Amino acid sequence: MRAITYTHNGDPDVLTLVDRPVAEPGPGEVRVRIHRSGVNPTDWKSRQGSTSGSPVDPPQVPNQDGSGVVDAVGPGVEEALVGLRVWIWEAAYQRPEGTAQEYALVPRRNLDLLPDAASFDLGASLGVPFLTAHRTLTVTEEGPLRLGPGTLQGRTVLVSGGAGAVGNAAIQLARWSDALVITTVSSPEKANLAAQAGADHVIDYRQQDVVAEVRKIAPDGVDTIVEVAAAANAEIDAQVIGLHGSVAVYADDGGAPLSLPVRPLMMPNARWQFVLVYTAPHDWKRRAVDDVSAAVLDGAVGVGEEAGLPLHHFPLEHTADAHAAVEGGAIGKVLVDVAD
Ligand SMILES: NC(=O)c1ccc[n+]([C@@H]2O[C@H](COP(=O)([O-])OP(=O)(O)OC[C@H]3O[C@@H](n4cnc5c(N)ncnc54)[C@H](OP(=O)(O)O)[C@@H]3O)[C@@H](O)[C@H]2O)c1
């Protein structure tokens, strides 16, 4: 079978197309015929590593997210899964088996069913972005632990960077859960995408005064801020956070140090919550997967221009270009086509 691997950290050109045998699933594992492999920033960051040229042994197949059809199951896994469509998350987390290959071995706990009505494109776009978005939306004091219709009724969410992959997922999940959603973007093109995703109010942070605009919409402040640029937006966030609100931070502005104004955050008993999808608590992850699958079943989340997330497809042999596209800040979702 065809697979992409890398044996050293480095630029996209370390990604090599190889031919290797189809492996048998071990205990607790499932073998999936991959249709789409989803690419996220985490995939190029892992490939790059901290030192270019460091050996990677065993060879690593990149990409955490994917979708496909179960082809075989290992000992201890229900036979009934064979032939079913699934979406996959964290395939390559502390494992050499990512989704950029024709047949991937995936732990049973890292996949869930993908309804017939949902495309493989959607299935491969769920993992990192939607699970991260779920966590950011469920860490607010007295807020819901679950998402779904009505769970965020009466609450206001501010999503920074609503045209990003995680931002898009946060808008879609928050709207499905009946929150009022405000988002920030940096251009009219991105404003259009964020509106397509379902945001109620879109603010261009390059042209408008974000604090003034948010306060017009939510005079008492917002309940949850889904934050992609914590250092850049710390002052803004402190000025728009409402009583008992949370700022859920999932990215680090390229390592910029974070400085927080204490008193404005103390006054509303605000919370800063740092989020990393891989190390989030187990119970939470199970709930997040169930809720994301329920949103898919409801037809409440989507991909493509109409959902505010343009798709960029690359063939398996051009996985290096797919990584370069994500690293270059492609707007929308980058997918690798492994099978039709
Ligand atoms: N912690 C976790 O578990 C986790 C999970 C997923 C992703 N991440 C990280 O989160 C980051 C984003 O991932 P992604 O897949 O969503 O990437 P993406 O699709 O490239 O989106 C990033 C978005 O952030 C926006 N942005 C940048 N600076 C901003 C600012 N000051 N205010 C508002 N928006 C701003 C960008 O738009 P403009 O530049 O036009 O503003 C862009 O739309 C990456 O660093 C990734 O590694 C972390």
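Atoms within each ligand, like the ligands themselves, are counted from 1 in listed order. In this text, all values refer to a predicted model and were calculated from it rather than measured experimentally.
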### side chain to side chain donor-acceptor pair (under 3.5 Å) between H323 and N63, worked out
CA-CA 9 Å; H323 272 220; N63 301 351; 2.9 Å; yes
### Task
Could you tell me which atoms of ligand 1, counted from 1 in the order shown, lie closer than 4.0 angstrom to a heavy atom of G164?
16 (O), 18 (P), 19 (O), 21 (O), 23 (C), 43 (O)
### Task
Check Y278 against ligand 1 and report side chain, backbone, both or neither, counting heavy atoms closer than 4.0 Å.
neither
### Query
Where on K45 is there a heavy atom closer than 4.0 Å to ligand 1, on the side chain, on the backbone, on both, or on neither?
side chain
### Message
If the cut-off is 4.0 Å to any non-hydrogen atom of V166, which atoms of ligand 1 fall inside it?
### Response
6 (C), 7 (C), 16 (O)
#### Entry: Side chain, backbone, both or neither: the part of A229 lying under 4.0 Å from ligand 1 by heavy atom
side chain
### Task
Tell me, with the steps shown, if S293 and D112 meet side chain to side chain donor-acceptor pair (under 3.5 Å).
CA-CA 8 Å; S293 278; D112 203 11; 2.7 Å; yes
### Message
Could you identify the single nearest non-hydrogen protein atom to atom 5 (C) of ligand 1 and state the distance to 0.1 Å?
### Response
T132 OG1, 3.1 Å
### Message
Show me which atoms of ligand 1 lie under 4.0 Å from any heavy atom of T184.
### Response
33 (C)
### Task
Examine the proximity of ligand 1 to L276 and report which part, side chain or backbone, both or neither, has a heavy atom under 4.0 Å away.
both
### Task
Please examine the side chains of N40 and D43, heavy atoms only from C-beta on, and report whether any two atoms are closer than 4.5 Å.
yes
#### Entry: Protein heavy-atom partner closest to atom 11 (C) of ligand 1 - residue, atom, separation in Å
A251 CB, 3.6 Å
### Query
Can you find a non-hydrogen atom of V275 under 4.0 Å from ligand 1?
yes
#### Entry: Closest to atom 26 (N) of ligand 1 (judged by heavy-atom distance), picking from V228, V249, V334, V277
V228
#### Entry: Proximal atoms of ligand 1 relative to V128 (non-hydrogen, under 4.0 Å)
5 (C), 6 (C)
